[in-house]
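So that the names make sense, note that chain A is the first sequence line, chain B the second, and so on, each numbered from 1. Atoms considered below: every heavy atom in the structure, side chains included; atoms not considered: hydrogens, waters and symmetry mates.
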Number of protein chains: 2
Amino acid sequence: MNESEFSAHYDPTKFERPSVAVDVVLLSIDLTDSLCAVLVRRKEHPDKGAWALPGGFVRIDESLDAAAARILNEKAKLRRVFLEQLYTFGAVHRDPRTRVITVAHYALVDFRRLAASYAHVSDDLVVARLDVPWSGEAGGAVRTLDERAKPLRLAFDHARILGLAVKRIRGKLNYAPIGFELLPEAFTLFELQRVHQAVLGRKLNKDSFRRKILASGLIEPTGAAQTNVGHRPPALYHFLKEQGANHG
Amino acid sequence: MNESEFSAHYDPTKFERPSVAVDVVLLSIDLTDSLCAVLVRRKEHPDKGAWALPGGFVRIDESLDAAAARILNEKAKLRRVFLEQLYTFGAVHRDPRTRVITVAHYALVDFRRLAASYAHVSDDLVVARLDVPWSGEAGGAVRTLDERAKPLRLAFDHARILGLAVKRIRGKLNYAPIGFELLPEAFTLFELQRVHQAVLGRKLNKDSFRRKILASGLIEPTGAAQTNVGHRPPALYHFLKEQGANHG
DNA sequence: GAAATAGTGTCTTTAAGACAGTATGTG
DNA sequence: CACATACTGTCTTAAAGACACTATTTC
């Protein structure tokens, strides 16, 4: 039997198969320096009325990353944002309808970009503040709150997925340049510090933060500075070249 | 429409679905202190005769972790080893037959346990030495070599999966107690150092390694020491309690 | 006692935290 | 000029690398 004969013989319908979906944890830092995520209200059973991560089924002719990018564009009208695979959730009954394995991704975006696209999308989208009940990289579920600090009920296992996304970016922040993904093109060192603080959920030492970031060689002054700030204007910086290589 | 009516109405066959598989990167440190992985010779097309990671399809009634544990038991006769999800590979044509998404896992095991089970499994299994052509956590594919240092051809995208597994454990070694998973119950500090060196692919400073490990509080002297070693016998240590919590 | 590695003590180097003090905008 | 925050320089502290020195087994 040669290879083409084998391919013809192979019968993929022999196995009863799970469905494969992609969910996207779209994270940002709001104007109050809180970590937040985009949620979609479920209009259908199960968990009708609860809030869920933007998601959808993977098409037979698209990669996982392409599916995640498509969902991000369909649900939040965002393109070209930082997007990485997070973890694949495959508990047998995580979706009560049928077996659904979901490849969770996380995305990071500057809040101003999110707010701009937000105006154009449906009312069933919300940017929920995250309440992380653990410190460091302990991990666990997170709570989601609306603008009046009322809890939002999450569908399926999405509280765990959100929690894992927070844990992942907390860990990644220490060795990878991802803070910049949550900021506009030009930013001040203190804005970057506030982003780090929002992600890590704790205050950072200003002096050593400056030293470490400047020593990293990842950013460069633009030459410009902020104006109309009521005090000495901080210098603006921008992130240097990206050298990241993704998987998938 | 209430929830049970909806569930009855939901038709999962509407979508053409990918197959979902699990592959396991089973890693160990051999007697020459080289990082190595278990490979299976493919007996069927495609890539017949090439070497592949142990893998198989996910059953409709088992979780991803359960599938990985089953494969580990079926192919290498190993139970109760450290096993974690690695990454999900979903490129459209990664398998030429049909769309197969694979949830890659990695496992760590003491070489003596592997060698003991190795005797009972088929000749189509090999423990291949890994040749990692990059340093640190740069990432990329790895090469696999047999006992005579001859390259083994890898099937599909398995060289990339192996590379990602190496990258992952290199990163994880710095903050998680995974070195112990590659050692027997009792071990000396220098044995642990050699494991770290094999994983990281570089020499470590003996003094600071001792200090760091002892200060971590993760290990405890057993009270015993090695004997018949031709020099001052090193104290034996054992890993304290596990407090790890998995996902999935 | 020689050989070989285990284990200890101390000096140096490096990075982070603390903090004082200067710089430069807005009002 | 007052105020607020940006930015700089120095001291302290903690951890890692280097290295000298002692300890304990086998042969």
Side-chain angles (χ1 to χ4, degrees), chain A residues 31-33 135-137 170-171 173-177 179 183-184 186-238, chain B residues 29 31-33 135-137 170-171 173-177 179 183-184 186-239:
Chain A
L31 301 176
T32 68
D33 288 329
S135 65
E137 291 174 55
R170 281 189 179 181
L173 203 56
N174 294 318
Y175 64 91
L183 286 168
F187 52 86
T188 70
L189 285 177
F190 193 51
E191 283 171 344
L192 182 60
Q193 182 178 346
R194 286 205 305 268
V195 165
H196 278 236
Q197 290 176 162
V199 169
L200 298 175
R202 64 187 178 90
K203 295 284 178 204
L204 294 174
N205 183 284
K206 189 168 181 172
D207 306 278
S208 67
F209 183 81
R210 284 180 67 88
R211 262 188 308 222
K212 191 165 58 176
I213 296 293
L214 289 172
S216 75
L218 291 169
I219 64 171
E220 198 180 50
T222 64
Q226 273 189 344
T227 50
N228 290 323
V229 279
H231 53 77
R232 173 170 172 176
L236 288 169
Y237 291 81
H238 65 101
Chain B
I29 311 285
L31 301 175
T32 69
D33 289 331
S135 65
E137 292 174 54
R170 282 189 177 180
L173 203 56
N174 293 318
Y175 65 90
L183 286 169
F187 52 86
T188 70
L189 285 177
F190 194 50
E191 283 171 345
L192 182 60
Q193 182 178 347
R194 285 206 305 269
V195 165
H196 278 237
Q197 289 176 163
V199 169
L200 297 175
R202 64 188 178 89
K203 295 284 178 207
L204 295 173
N205 182 283
K206 189 168 180 172
D207 306 278
S208 66
F209 183 80
R210 285 180 64 88
R211 262 188 309 222
K212 190 165 59 176
I213 295 294
L214 289 172
S216 75
L218 291 169
I219 64 171
E220 199 180 49
T222 63
Q226 274 189 345
T227 50
N228 291 322
V229 280
H231 52 78
R232 173 171 172 175
L236 288 168
Y237 291 81
H238 66 101
F239 179 49

ask   = Roughly how far, to the nearest 0.5 Å, is CG of B/Leu192 from CZ of B/Arg210?
value = 11.0 Å

task = For A/Tyr237 and A/Pro221, work out which heavy atoms get closest and say how close.
result = CD2-N, 3.5 Å

task = Report yes if a side-chain nitrogen or oxygen of A/Lys206 is closer than 4.0 Å to either non-bridging phosphate oxygen (OP1 or OP2) of D/dA6; otherwise report no.
result = yes

query = Rounded to the nearest 0.5 Å, how far apart are OG1 of B/Thr188 and CZ of B/Arg194?
reply = 6.5 Å

request  = Give A/Ala215 one of three labels, base, sugar-phosphate or nothing, depending on what nucleic acid heavy atoms sit under 4.0 Å from its own.
outcome  = nothing

message = Evaluate A/Leu204 against A/Lys212 for side chain to side chain contact (heavy atoms under 4.5 Å, CB included), listing each step before the verdict.
response = CA-CA 12 Å; A/Leu204 294 174; A/Lys212 191 165 58 176; over 6 Å; no

Positional range of nucleotides in DNA chain C within the contact set of chain B, heavy-atom, under 4.0 Å = C/dA4 to C/dT10

message = Between B/Thr222 (side chain only) and B/Leu236 (backbone N and O only), is there a donor and an acceptor less than 3.5 Å apart?
response = yes

inquiry  = Closer than 3.5 angstrom, by distance alone: can the side chain of B/Gln226 be matched with the main-chain N or O of B/Pro234 as a donor-acceptor pair?
reply    = no

inquiry  = I'd like to compare against my own output: the B/S/- annotation of nucleotides 18-27 of chain D with a strict under-4.0 Å heavy-atom distance to protein.
reply    = BB---BBBS-

request  = To the nearest 0.5 Å, tell me how far A/Arg202 CZ sits from A/His196 NE2.
outcome  = 11.0 Å

task = Would you classify A/Ala235 as touching base, sugar-phosphate or nothing, given that sugar-phosphate means primed atoms plus P, OP1 and OP2, and contacts are heavy atoms under 4.0 Å?
result = sugar-phosphate

request  = Using atom types as modelled and distance alone, determine if a side-chain donor or acceptor of B/His231 lies under 3.5 Å from a backbone N or O of B/Val229.
outcome  = yes

task = To the nearest 0.5 Å, tell me how far B/Leu189 CG sits from B/Arg211 CZ.
result = 13.0 Å

ask   = At what distance, to the nearest 0.5 angstrom, does CD of B/Gln193 lie from CZ of B/Phe187?
value = 13.0 Å

inquiry  = Rounded to whole Å, please give me the gap between CG in A/Leu189 and C1' in D/dT8.
reply    = 14 Å

note = Here the distance between atom C1' of D/dG9 and atom CZ of A/Arg210, to the nearest Å, is 13 Å

key: For B/Ile29 against B/Ala198, the heavy-atom pair lying closest together   = CD1-CB, 3.6 Å

inquiry  = Just to be sure I understand the geometry, which residues of residues 190-200 of chain A put a non-hydrogen atom under 4.0 Å away from DNA chain C?
reply    = none

